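The structure presented is a predicted model; accordingly, all values stated were derived computationally and were not measured. Throughout, numbering of the chain's residues begins at 1 and tracks the sequence.
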Amino acid sequence: GTIVSALGFKSNGAEYYAFYSRSIGFQQMDVYVILDANGAIAKIDAKTFIFEEEYFNNFAGMDASAYKAGFEGLTVDTFTGEQAVIATATKTSDAMKQSTADAFAAFNSIKGGAQ
C-alpha cells in the first residue's frame, strides 16, 4: 500500500488514528488521513492537490476546504471513491482514492479486522 506512517493519539479524550500516505498522482502526493476510533474520517488533507496548475487550461480550480469536508464522516462502508474526484484532475483523484482506501485498510489491520 501507500501508507508510510501510522500512529494513534488522543485529543480531548477521543481516540484517533493518523495515517501518512505517499501515493502517485501527477507527482508524488503526501496525503494525511485521520480516522476516529470507529474508523470514520475525522480529517483529510494533502500537501498539494493540484500540481503545475498553470499548465491545465481546462482546470477551473477547486474549493479545497469543501473538497476535504466532503470526506468527513466517511467510513470504509460509505467511501465509494467518487468523493475523491476532482474534475479534470484524474491522477490526483486516483491518488486520493488510493490513499483513502489504504488508510481504511491500515486501520482495519491495526484494529485486528474488527472494524
Rounded to the nearest 0.5 Å, what separation is found between the [atom1] atom of [X] and the [atom2] atom of [Y]?
X     : Y     : atom1 : atom2 : answer
Gln83 : Ser93 : CD    : OG    : 11.5 Å
Gln98 : Ile3  : CD    : CD1   : 9.0 Å
Gln27 : Thr92 : CD    : OG1   : 9.5 Å

State plainly whether one hydrophobic cluster holds both [X] and [Y], where clusters connect Ile, Leu, Val, Met, Phe, Trp and Tyr through side-chain heavy atoms under 4.5 angstrom apart.
X     : Y      : answer
Val76 : Ile41  : yes
Val85 : Phe104 : no
Tyr16 : Phe79  : no
Tyr67 : Leu35  : yes

With sequence neighbours excluded, tell me which residues meet side-chain contact (heavy atoms from CB on, under 4.5 Å) with [X].
X      : result
Ala105 : none
Lys10  : none
Thr75  : Ala40, Asp77, Thr78
Ala46  : Met29, Val31, Phe49, Met96

According to the salt bridge (charged side-chain N to carboxylate O under 4.0 Å, His left out) rule, which pairs have a member within residues 25-43, sequence neighbours left out?
Arg22-Asp30
Hydrophobic cluster partners of Val4 (side-chain heavy atoms under 4.5 Å)
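For the cluster that includes Val4, the remaining residues are Tyr20, Tyr32.
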Taking only residues two or more places apart in sequence, or in another chain, which ones meet [X] in a side-chain hydrogen bond (donor to acceptor under 3.5 Å, both in side chains)?
X     : answer
Thr2  : Ser21, Asp102
Ser65 : none
Ser11 : none
Glu72 : none

Shortest non-hydrogen contact between [X] and [Y], atoms and distance:
X     : Y     : value
Ile34 : Ala18 : CG1-CB, 4.1 Å
Thr80 : Lys97 : O-CE, 4.4 Å
Ala84 : Phe71 : CA-CZ, 3.7 Å

Who pairs with Lys68 by salt bridge (Lys or Arg N to Asp or Glu O under 4.0 Å), at least two apart in sequence or on another chain?
Asp45
Partner residues of Tyr17 under the ring pair (Phe, Tyr, Trp, His ring centres under 6.0 Å) criterion, sequence neighbours left out
Phe107
